[in-house]
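Since the structure comes first, as structure tokens, the remarks are kept for the end.
Both counts, for ligands and for their atoms, begin at 1 and track the order of listing. One-based numbering along the sequence shown.
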Amino acid sequence: MENLHTFTAHKLLEDKIDPAKISASVSERIKAVESKIRAFAKVNPPPVWNKGKLGGIPVLIKDNICVKGEETTCASRILAGFRPPYDATVVRKLKEAGAAFIGKANMDEFAFGSSCETSCYGPTRNPWNLDRIPGGSSGGSAAAVAADETILAIGSDTGGSIRQPAALCGVVGLKPTYGRVSRYGLIAFASSLDQIGPITKDVEDAALLLGVIAGYDEMDSTSVDMPVPDYKKSLVKDIKNLRVGVPKEYFVKGMDPEVESSVRAAVSVLKGLGAKLVDISLPHTEYAVATYYIVGPAEASSNLARFDGVQYGLRTKDAKGIINMYTRTRSEGFGSEAKRRILLGTYCLSTGYYDAYYLKAQKVRTKIREDFEKAFGSCDIIVTPTAPTPAFKIGEKANDPLSMYLSDIFTIPANLAGIPAISIPCGLSKDGLPIGLQMMAKPFDEEVIFRAAFTFEQSTDHHTKRPKL
Ligand code: GLN
């Protein structure tokens with residue numbers, strides 16, 4: 001059989017395809033296109049298994065997730081040569097399910113970014129247009145799925161890093177509810193926001209992969225002890241009377257007209273399928289980016305304090321004393337966006353500024369969460385664009401952090417509120433660039449997201465469009 005690399009995991013499993021053939025097809029594909037895309041931090045020859053729920057299915061892991069014995073760098077020089085002595089819980093679960101590790105995915109350094117340009121390995125390119133960014137920070141994971149260099153991928157999402165690249169690469173990306181998936185072994189960016197989740201070719205694969213990685217873990221005190229539903233049961237094509245909230249704050253003047261028209265068309269499709277549209281308001285949305293850029297960097301500055309040349313990765317040569325060693329290691333090891341985040345975060349947490357910034361941001365965060373609680377009184381899911389524009393050009397925003405930060409304007413609120421959110425393809429721009437539709441739900445209601453996303457997907461043909469490489 002040909003072109004097995006273009007198949008979904010559920011199709012390969014249903015058809016009981018020989019894992020050796022899948023591996024061979026994916027390896028061939030990587031050889032053919034990886035030099036153009038550069039989605040991988042490292043390519044592994046896939047081991048061939050055939051047991052377990054994901055027996056033999058290739059999976060690509062973002063480079064901020066620990067795989068025992070495999071170099072794990074967060075695409076940063078400061079972690080060069082770091083080989084974790086243990087597996088992240090998601091990796092352990094994937095291994096137990098028989099998934100085949102085909103490598104580590106490129107990303108923005110420490111997951112700071114929306115374009116995959118801040119990696120020490122150089123940028124990843126968007127398979128739909130090689131002059132464009134794939135989104136970030138899980139840009140390598142999303143680009144590899146879009147380019148058929150892997151069947152499944154794992155990303156992480158702190159402010160949009162699964163959903164935004166999934167939208168820009170025309171694939172499916174899910175940020176689960178905070179606490180649904182263990183963060184043990186995920187190198188922390190902002191511990192109160194980070195979640196690991198699937199990036200896949202369709203909704204069914206996202207449900208399959210979440211089912212494998214979700215669940216309580218005693219190694220992560222923020223993981224929640226709730227049974228993991230059988231998400232396959234949510235894959236029904238029926239949204240009759242589902243209440244779909246459309247928040248006015250996500251359709252603003254000046255937004256990209258093609259994004260707006262594709263998302264509005266998707267909302268009409270949902271209505272045509274029997275959903276009830278509800279106008280809702282999330283009044284604190286306008287404060288979300290500002291809040292995130294206090295909470296996120298504050299937590300990051302604290303989490304990144306451990307990279308000091310003593311225990312992990314890089315240590316500068318010929319340092320004069322311990323302080324000089326710390327300073328030089330960090331100056332040489334971190335890239336400029338990481339330094340910017342550390343400076344912002346340290347400032348917000350320092351004496352005299354803590355109340356004005358960090359504490360205030362926490363209060364606004366509560367307001368944002370309350371907006372969602374209130375909105376979910378009158379709707380079951382909330383539908384919005386995932387990103388304000390399709391993929392932009394490599395270099396276009398690299399020197400303009402503020403405009404880069406605004407790429408996550410629609411994805412950040414779900415992280416601040418801790419709620420689950422998916423991005424699925426809903427169209428192409430006239431330049432042939434993918435546009436994503438975001439669906440959000442109440443905490444731990446991934447099931448309604450899967451049902452709505454599956455119904456939309458199976459009633460349209462957006463997910464069947466592939467980039468020509
Ligand atoms: N782009 C956002 C940032 O730069 C979100 C990143 C993420 O979710 N890891 O912080």
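Note: no N/O pair closer than 3.5 Å links G136 and ligand 1 by distance alone. The shortest N or O to N or O distance between G160 and ligand 1 is under 3.5 Å. Taking any N or O of K62, backbone or side chain, none lies under 3.5 Å from an N or O belonging to ligand 1. Close N/O approach between A111 and ligand 1 is found [any backbone or side-chain N/O within under 3.5 Å]. In terms of polar-atom proximity, D157 is not counted as a contact of ligand 1, lacking any N or O under 3.5 Å from an N or O of the ligand.
Judged as a ring-ring contact (aromatic ring centres under 6.0 Å, His included), the pairs with a partner in residues 402-440 (not counting sequence neighbours) are, in order, Y250-F410, Y293-Y405.
Between F82 and Y312, the ring-plane angle classifies as perpendicular under the 30° and 60° cut-offs.
With no hydrogens or angles considered, a side-chain donor-acceptor pair links E446 and T177 at under 3.5 Å.
Close contacts between ligand 1 and G159 involve ligand atoms 5 (C), 7 (C), 8 (O) [criterion: under 4.0 Å to a heavy atom]. Those atoms of ligand 1 that come under 4.0 Å of a heavy atom in Y293, given as number and element, are 2 (C), 3 (C), 4 (O), 10 (O). Set against the non-hydrogen atoms of S137, the atoms of ligand 1 under 4.0 Å away are 9 (N).
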Mind listing the side-chain donor-acceptor pairs of residues 214-224 below 3.5 Å, one per line with the distance, residues two or more places apart or on another chain?
residue : atom : partner : partner atom : Å
D217    : OD1  : M219    : N            : 3.1
D217    : OD2  : T89     : OG1          : 2.6
D217    : OD2  : S182    : OG           : 2.6
D220    : OD1  : T222    : N            : 2.8
D220    : OD1  : T222    : OG1          : 2.7
D220    : OD2  : R183    : N            : 2.8
D220    : OD2  : T222    : OG1          : 3.3
T222    : OG1  : R183    : NE           : 3.4
T222    : OG1  : R183    : NH2          : 2.9
S223    : OG   : D217    : N            : 2.9
S223    : OG   : D217    : O            : 3.1
S223    : OG   : D220    : O            : 3.0

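Judged by the shortest distance from any of its heavy atoms, R341 lies inside the 4.0 Å radius around the atoms of ligand 1.
Only the side chain of Y292 comes within 4.0 Å of ligand 1, judged by heavy-atom distances. By the criterion of a heavy-atom distance under 4.0 Å, neither the backbone nor the side chain of R163 is placed next to ligand 1. Of all the heavy atoms of F110, none lies under 4.0 Å from any atom of ligand 1, so neither backbone nor side chain is involved. Here D408 has side-chain heavy atoms under 4.0 Å from ligand 1, and that is the only part of it that gets that close. Looking at S161 against ligand 1, both its backbone and its side chain come within 4.0 Å, counting heavy atoms.
Checked against the 6.0 Å centroid threshold, F307 and F110 count as a close aromatic pair.
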task: Assess whether side chain to side chain donor-acceptor pair (under 3.5 Å) is satisfied between E332 and T316, documenting all intermediate values.
output: CA-CA 8 Å; E332 290 162 21; T316 193; 2.9 Å; yes
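Remark: E447 does not engage R451 in a salt bridge, criterion side-chain N to carboxylate O under 4.0 Å. Ionic pairing of K104 and E71 is not present here: no N-O contact between side-chain nitrogen and carboxylate oxygen is shorter than 4.0 angstrom.
The side chain to side chain contact (heavy atoms under 4.5 Å, CB included) with I381 is formed by just one residue from the set M440, M439, K442; it is M439.
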